[in-house]
**Q** 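Let me give you the structure first, and then I'll get to my questions.
We count ligands from 1, going down the list as the structure has it; atoms in each ligand are counted the same way.
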Amino acid sequence: MLTRSRRTRGVAAAIAVLALGLTACSSDSGSESKETSPAGGDVTSGNIKVGFSQLGAESGWRTANTESVKASLTAENGIDLTFSDAQQKQENQIKALRDFIDQGVDVIAFSPVVETGWDEVLQEIKDAEIPVVLVDRTVDTHVVDPYVTWIGADFEAEGITAGEWVVENYPDAKIFELQGTLGSGAQVDREAGFDATVGESHILGKASGNFTRAEGKAAMEAALQAYPDMNLLFAHNDDMGLGAIEAIEAAGKVPGKDIIIVTVDGVRDGLQALVDKKFNYVVECNPVFGDQILDAITKAHNGEQQPRKTIVLDQAFDQTITQAVVDARLY
Ligand code: GZL
């Protein structure tokens with residue numbers, strides 16, 4: 001049982017860089033496995049033809065992000081959207097990007113499932129003179145000027161914020177780390193920020209849960225066997241943390257007490273776990289930035305100047321959060 005060094009005060013310590021207009025998630029979109037265009041979209045309309053490759057539907061965060069994208073990239077807002085769900089497979093994203101080139105779209109937007117392996121297709125897009133708006137995840141590429149702008153969260157800062165809370169409240173913790181999709185910008189940078197803050201010597205082990213609840217549960221079941229003295233879990237997203245709760249309870253331990261749980265995202269299920277005292281600290285990663293993606297796409301199409309990158313608003317929550325706050329959340 002861990003003893004807390006001192007209570008933390010307050011809840012939302014905004015670590016914002018830029019404020020965001022929140023877009024209501026009105027769309028009832030699921031996760032299409034194929035490319036979809038607006039029903040009856042007028043292909044000869046003056047609208048901007050956009051190809052959007054979403055990496056998958058692996059988590060509550062991704063679902064909320066897709067809803068926000070679809071709520072903003074509408075015909076009424078001047079967009080003819082072709083949306084593709086890659087089901088977390090890079091080869092599906094690369095195929096979708098090539099399809100967008102063949103369709104002669106005006107702008108391409110995508111959230112790359114991992115950072116590397118995009119050089120060839122990014123060069124093909126550049127040769128086709130189609131501007132790219134990078135959404136959420138980051139790329140590591142040799143292509144010069146591969147995109148006009150990137151909109152997403154500061155993943156390293158999220159890892160640092162999580163680590164600072166651990167150092168402040170549980171400085172002697174024996175930590176297990178549930179990593180997101182290996183090689184994704186979110187996994188690489190959250191791990192870098194967190195590990196540098198808490199110190200590698202406090203980390204017993206790591207494994208990837210691929211940002212999903214099921215894989216997070218499976219990884220945690222193995223970790224509980226391998227590291228019986230673990231007393232704190234850092235999960236790179238809520239969904240893996242929620243899967244870990246199932247594993248912890250199946251092992252006869254109490255999540256939030258025997259094993260302190262720190263996560264990132266701040267989706268409703270994650271914040272509910274905080275209210276239920278099963279999570280201890282949640283760093284938000286806001287998925288609702290469809291309006292900013294719309295603005296970036298429109299500017300890219302019109303050749304207008306825009307910042308190379310836009311960081312979205314983040315805040316953090318501890319167990320002082322109330323049910324009313326959770327109930328009022330957009331996602
Ligand atoms: C973060 C995003 C991550 C979320 C996960 O911006 O890329 O991917 O933290 C999601 O929930 O799977």
Side-chain angles (χ1 to χ4, degrees), residues 15-18 20 25 31 52-69 85-90 92-93 109-115 118 133-140 150-162 177-194 208-217 219 233-244 261-273 279 281-290 292-293 309-317 329 331:
I15 45 180
V17 174
L18 282 176
L20 255 188
C25 301
S31 57
F52 191 106
S53 168
Q54 180 62 288
L55 67 88
E58 73 284 358
S59 64
W61 190 98
R62 188 67 52 196
T63 301
N65 181 248
T66 291
E67 288 180 354
S68 179
V69 165
D85 171 351
Q87 297 172 330
Q88 283 193 290
K89 292 183 176 63
Q90 182 174 31
N92 290 350
Q93 283 201 283
F110 78 113
S111 180
V113 61
V114 291
E115 288 193 305
W118 306 98
V133 171
L134 206 55
V135 173
D136 174 32
R137 301 274 182 84
T138 47
V139 291
D140 179 6
W150 167 82
I151 305 171
D154 184 338
F155 303 131
E156 186 173 10
E158 293 166 343
I160 292 168
T161 301
E177 188 168 345
L178 263 180
Q179 302 160 297
T181 304
L182 293 178
S184 67
Q187 175 267 315
V188 171
D189 290 349
R190 283 174 186 165
E191 182 174 349
F194 181 80
S208 177
N210 203 25
F211 283 129
T212 72
R213 197 178 288 212
E215 293 168 271
K217 178 182 178 183
L233 166 68
F234 172 51
H236 290 185
N237 82 331
D238 291 343
D239 291 69
M240 294 190 294
L242 293 165
I261 302 180
V262 179
T263 69
V264 185
D265 273 354
V267 296
R268 185 174 284 109
D269 288 351
L271 297 181
Q272 189 60 53
F279 279 179
Y281 191 66
V282 177
V283 179
E284 183 188 49
C285 176
N286 190 323
V288 180
F289 50 92
Q292 288 210 261
I293 297 171
K309 70 183 205 178
T310 301
I311 304 289
V312 298
L313 174 75
D314 277 341
Q315 55 183 311
F317 302 92
R329 297 275 294 172
Y331 59 90

**Q** Going by the order shown, which atoms of ligand 1 are within less than 4.0 Å of some heavy atom of Arg190?
**A** 1 (C), 4 (C), 9 (O)

**Q** Check for a donor-acceptor pair, side chain of Thr263 on one end and backbone N or O of Asp238 on the other, with a separation under 3.5 Å.
**A**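 Between the backbone of Asp238 and the side chain of Thr263 there is no qualifying donor-acceptor contact (under 3.5 Å).
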
**Q** Just to check, does Cys285 reach to within less than 4.0 Å of ligand 1 when the distance is taken from its heavy atoms?
**A** yes

**Q** At a 4.0 Å threshold, what atoms of ligand 1 neighbour a non-hydrogen atom of Phe155?
**A**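 Atoms satisfying the 4.0 Å criterion: 1 (C), 6 (O).
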
**Q** For Ser184 and Gln187, which I'm curious about, is there any donor-acceptor pair between the side chains at under 3.5 Å?
**A**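 No donor-acceptor contact under 3.5 Å links the two side chains.
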
**Q** Which atoms of ligand 1 sit under 4.0 Å from any heavy atom of Ser59?
**A**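 Answer, ordered by atom number: 5 (C), 10 (C), 11 (O), 12 (O).
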
**Q** Assess, by modelled atom type and distance only, whether the side chains of His236 and Glu158 contain a donor and an acceptor separated by less than 3.5 Å.
**A**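 No pair is found: no donor N or O on one side chain lies under 3.5 Å from an acceptor on the other.
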
**Q** Identify the protein heavy atom lying closest to atom 5 (C) of ligand 1, giving its residue, its atom name and the separation to 0.1 Å.
**A**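 Among all protein heavy atoms, the one nearest atom 5 (C) of ligand 1 is Asp265 OD2, 3.5 Å.
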
**Q** Counting N and O atoms only, with roles assigned by atom type, does the side chain of Trp61 sit under 3.5 Å from a partner on the main chain of Asn237, one being a donor and the other an acceptor?
**A** no

**Q** As an exercise, identify every atom of ligand 1 less than 4.0 angstrom from a heavy atom of Phe211.
**A** 5 (C), 12 (O)

**Q** How far is atom 12 (O) of ligand 1 from its nearest protein heavy atom, and which residue and atom name does that atom have?
**A**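 For this ligand atom, the closest protein heavy atom is Glu58 OE2, 2.5 Å.
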
**Q** Has the side chain of Ser111 got a donor or acceptor atom that lies under 3.5 Å from a matching backbone atom of Val135?
**A** yes

**Q** Tell me whether ligand 1 is touched by Asp136 - counting only heavy atoms on the residue side and a distance under 4.0 Å.
**A** yes

**Q** Locate the shortest heavy-atom distance separating Ser59 from Asp239; write the atom from each residue and the value.
**A** CB-OD1, 3.4 Å

**Q** Which residue is it: Leu134, Thr310, Ile311? I am looking for the one with a side chain to side chain contact (heavy atoms under 4.5 Å, CB included) to Ile151.
**A**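 Testing each of Leu134, Thr310, Ile311 against Ile151, the sole residue satisfying side chain to side chain contact (heavy atoms under 4.5 Å, CB included) is Thr310.
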
**Q** Quick one: which ligand 1 atoms are inside 4.0 Å of a heavy atom on Arg137?
**A** 2 (C), 3 (C), 7 (O), 8 (O), 10 (C), 12 (O)

